[in-house]
**Q** 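Here it is, the structure in full.
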2 protein chains.
Amino acid sequence: MSNVDEMSDMFKALSDPMRLKVLKLLPKHGEEKELCVCALADELGISQPNVSHHLKILKSVGLVKCAKHEGFSYYAVNMDKIKCLFDDLQNEIEK
Amino acid sequence: MSNVDEMSDMFKALSDPMRLKVLKLLPKHGEEKELCVCALADELGISQPNVSHHLKILKSVGLVKCAKHEGFSYYAVNMDKIKCLFDDLQNEIEK
DNA sequence: TTCACAAATTCACATATGTAAATATATATA
DNA sequence: TATATATATTTACATATGTGAATTTGTGAA
């Protein structure tokens with residue numbers, strides 16, 4: 001990655017409390033837990049379009065991945081991406 | 001204040017390309033390198049008030065520390081804070 | 001095909017943010 | 001003290017952002 005624009009976009013995706021709550025609820029990549037978007041909306045107390053909007057932002061920077069089956073969308077956190085982001089940040093500003 | 005609010009504030013501070021460039025230029029806590037605000041402005045090609053503004057945001061969340069002597073302000077990156085942020089993020093969303 | 005439901009998109013609007021310009025404050029030196 | 005310089009604050013404004021409401025798209029079942 002190693003460019004400040006990409007990194008700032010990822011930090012911007014993480015800079016909203018509701019999106020952090022979304023990440024907290026979502027299963028991590030590989031886990032068998034599954035939550036559809038409407039269940040997320042219910043759990044978070046916000047509208048379904050709002051959840052979709054936040055998920056779109058998280059997905060646009062690769063922080064979550066989406067799989068669809070039986071009419072539902074199941075999102076999962078991409079933990080590797082988060083680890084990479086922090087490694088890149090340290091490399092970028094420490095060297 | 002809940003944990004996600006504090007964390008999102010720190011991510012927001014990191015979500016601007018110019019602020020990442022500031023962190024890249026600043027010495028890390030403990031280094032002997034020193035850069036005054038006007039030198040930063042010169043290096044970044046932006047105005048001095050703009051640099052002060054970005055530094056204020058970084059300082060408000062503890063990502064940089066400031067020391068003054070001989071009329072100059074010298075800022076330094078607080079790397080520990082960054083490490084803590086990532087540990088907290090992982091603890092928050094992985095458990 | 002039709003219907004029902006899940007998810008995404010669009011629109012509207014209030015709030016937040018980054019930046020330039022002007023001004024104010026602080027500090028060192030003469 | 002007065003003056004020059006470094007830094008911080010204020011103001012203004014255009015753009016970006018988060019959210020609700022309404023709508024649209026997509027998908028599976030009947």
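Keep in mind the model is a prediction, meaning the values are calculated, not measured. Within every chain, numbering begins at 1; the chains are lettered A, B, ... in the order of the sequence lines, protein sequences first and strands thereafter.
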**Q** Does a nitrogen or oxygen in the side chain of His54(B) sit under 4.0 Å from OP1 or OP2 of dT19(C)?
**A** yes
**Q** Check the distance between dT17(C)'s P and Leu14(B)'s CG and give it to me in whole angstrom.
**A** 14 Å
**Q** Dump the intermediate steps for side-chain contact (heavy atoms from CB on, under 4.5 Å) on Leu20(B) and Ser8(A), then the final yes or no.
**A** CA-CA 8 Å; Leu20(B) 291 183; Ser8(A) 59; 4.0 Å; yes
**Q** Regarding Ile57(A), tell me which of base, sugar-phosphate or nothing describes its non-hydrogen contacts under 4.0 Å with the strands shown.
**A** sugar-phosphate
**Q** Check the distance between dT17(C)'s C1' and Leu58(B)'s CG and give it to me in whole angstrom.
**A** 14 Å
**Q** Each nucleotide in nucleotides 4-10 of chain C should get exactly one letter: B, S or -. Can you fill that in based on protein heavy atoms under 4.0 Å?
**A** --SBBB-
**Q** Could you see if Ile46(B) belongs to whatever hydrophobic cluster contains Val64(B)? Use Ile, Leu, Val, Met, Phe, Trp, Tyr and a side-chain cutoff under 4.5 Å.
**A** yes
**Q** Atom CD of Glu70(A) and atom C1' of dG26(D): how far apart are they, to the nearest Å?
**A** 15 Å
**Q** For Lys21(B) and dG18(C), give me the distance from atom NZ to atom P, rounded to whole Å.
**A** 14 Å
**Q** Is it true that Lys28(A) and Glu94(B) make a salt bridge, defined as a side-chain N closer than 4.0 Å to a carboxylate O?
**A** no
**Q** Using the rule that Ile, Leu, Val, Met, Phe, Trp and Tyr join whenever any side-chain heavy atoms are under 4.5 Å apart, tell me whether Met18(A) and Leu25(A) fall into a single cluster.
**A** yes
**Q** Hey, quick one: are Ile57(A) and Leu14(B) part of the same hydrophobic cluster, counting side-chain heavy atoms closer than 4.5 Å, chains of contacts allowed?
**A** no
**Q** Which one of Lys21(A), Arg19(A), Lys59(A) satisfies the side chain to side chain donor-acceptor pair (under 3.5 Å) criterion with His54(A)?
**A** Arg19(A)
**Q** Whole-Å distance between dT17(D) C1' and Asp16(B) CG?
**A** 14 Å
**Q** Going hydrophobic residue to hydrophobic residue with side-chain gaps under 4.5 angstrom, can you get from Val37(B) over to Tyr74(B)?
**A** no
**Q** Whole-Å distance between dA16(D) P and Asp9(A) CG?
**A** 12 Å
**Q** For Lys12(B) and dA16(D), give me the distance from atom NZ to atom P, rounded to whole Å.
**A** 16 Å
**Q** Whom does dA30(C) pair with, Watson-Crick or G-U wobble, provided both distances fall under 3.5 Å?
**A** dT1(D)
**Q** Atom NZ of Lys59(B) and atom P of dT7(D): how far apart are they, to the nearest Å?
**A** 13 Å
